[in-house]
There are 2 protein chains.
Amino acid sequence: MAERDKRGTAERLGPDDWARAALAALAEGGLGAVAVEPVAVRLGVSKGSFYWHFANRRALVEAALAQWEAGTERVIARLESLDEPVTRMRTLLDLAFGDAENAAISFRLISEVDDPLVGEVVRRVSRRRLDFMQEVLRELGQPEGEARRRVLAAYGGYLGLAALVRIGAADEVPGSLVDLAMAELGLPPAAPS
Amino acid sequence: MAERDKRGTAERLGPDDWARAALAALAEGGLGAVAVEPVAVRLGVSKGSFYWHFANRRALVEAALAQWEAGTERVIARLESLDEPVTRMRTLLDLAFGDAENAAISFRLISEVDDPLVGEVVRRVSRRRLDFMQEVLRELGQPEGEARRRVLAAYGGYLGLAALVRIGAADEVPGSLVDLAMAELGLPPAAPS
DNA sequence: CGGCCTCCATACGGTTGCGTATGGAGGCGA
DNA sequence: TCGCCTCCATACGCAACCGTATGGAGGCCG
């Protein structure tokens, strides 16, 4: 792994490193924490470095959002290699309920949807996720309206439960919640591995 | 200053007015928007007024949180006047899914749960709401674990759907979602009015 | 070896928000 | 009327952050 210690060994930074650090700051402190100087401190460098790689703070936020969106695309691409629709959906749910950090970022970004930059990406990513899930249900023969309603309930439930876990109201989402979500989607609860 | 009717009828302000304005700022711009000077501008006064009523910004945030918590207590007190448990739950869901602004505030606060002030109140309010719902299900004879699981799914679904509405993924929660939530709770969907 | 290019540090001015100090306008009782 | 109390305005110092300017260390290449 790349040593991320202080500037001991003079590792050079690229825009991706800044975007990654910006996402970490976003998850911890919200959009307001994605500030140039604090993120620079987090990386162990100064602002001078930042303004070499980026024009301004806006560009950093855009890079962070792009990296977050790319993560969603990566997951979807990985899921599309699975032939069986039911397995695809169950793997999606496992990934979604398992990645608490990404859920936290999603939560932060949704609450910050009034920001024009954030809003555009959040809407696009959410639509992408919902459409993907709906397509899986369509392959399984569910009618359009029914599938849409179930997908909204399932994705909304995912977001909300992630919130409850975050505040400690629900300790560590039990595996049965994946089954519950599968049931809401009209799919069999047990994995046919 | 010849101009002084900027504030209309309410000439003098009290702490409650500041707390209300702070909640409005919170819903719009998040916790970071609960700043002294912007809220003062919102009320049409200056900082000098604020520091008469409050010691510092922290006190303003605390007052806003207290007012938000009081709203939850007010709703619960109103619900407890209803004798029939099923009616109580259905009225609760109608109120919850109907008040989009309060859902937005809940969302903002949950995403800001790392803040010690916010975290304490958010956890207490969430526990209060969950316990109240669980108690209703218990009155209806549902076993403890089952009730807890259903309440978590329902409250999580509420939060998540509010998020989807907020980003425009689900346009205007249809009334059928209340029925869906009732079904998740193991209760009859139709109101017996 | 000398020049250039990349990446980063330092220093500066501008803006915004926090908190304090001080004073002023208006109501109210003596 | 006088004096006091309440509520608010103005002015100031301080800190955090944005963006710019400028220079410097180290690698690469002629």
When rounded to whole Å, the OH to P distance for the pair B/Y51 and C/dC18 reads 6 Å
Measure CG/B/L43 against C1'/D/dA9 and give the value in whole Å, please. 15 Å
Pairing of B/R166 and A/D114 as salt bridge, 4.0 angstrom limit: yes
Expressed in angstrom and rounded to an integer, what is the separation of A/N56 atom CG from C/dG14 atom P? 20 Å
Integer-rounded Å distance: C/dG13 C1' and A/E37 CD: 13 Å
Nearest to the side chain of B/A35 - D/dT10, C/dC18, C/dA9? C/dC18
Separation of atom CZ in A/R57 from atom P in C/dT16, rounded to whole Å: 15 Å
Please report the distance, rounded to the nearest Å, between CZ in B/R58 and C1' in C/dG17. 18 Å
Considering only NZ, NE, NH1 and NH2 on the basic side and carboxylate oxygens on the acidic side, decide whether A/D131 and A/R148 come within less than 4.0 Å. yes
Rounded to the Å, how far apart are B/F54 CZ and D/dC8 P? 11 Å
Send over the distance from A/F50 CZ to C/dC8 P, rounded to a whole Å. 13 Å
Any donor-acceptor N/O pair, B/S81 side chain to B/R78 backbone, under 3.5 Å: yes
Look at the side chain of A/K47 and decide which nucleotide, out of C/dG17, C/dG19, C/dC12, has an atom nearest to it. C/dC12
Whether B/S111 side chain and B/R108 backbone form a donor-acceptor pair below 3.5 Å: yes
For B/H53 and D/dC8, is the shortest distance between a side-chain N/O and OP1 or OP2 below 4.0 Å? yes
Look at the side-chain N and O atoms of A/W52 and state whether any lies under 4.0 Å from the OP1 or OP2 oxygen of C/dC7. yes
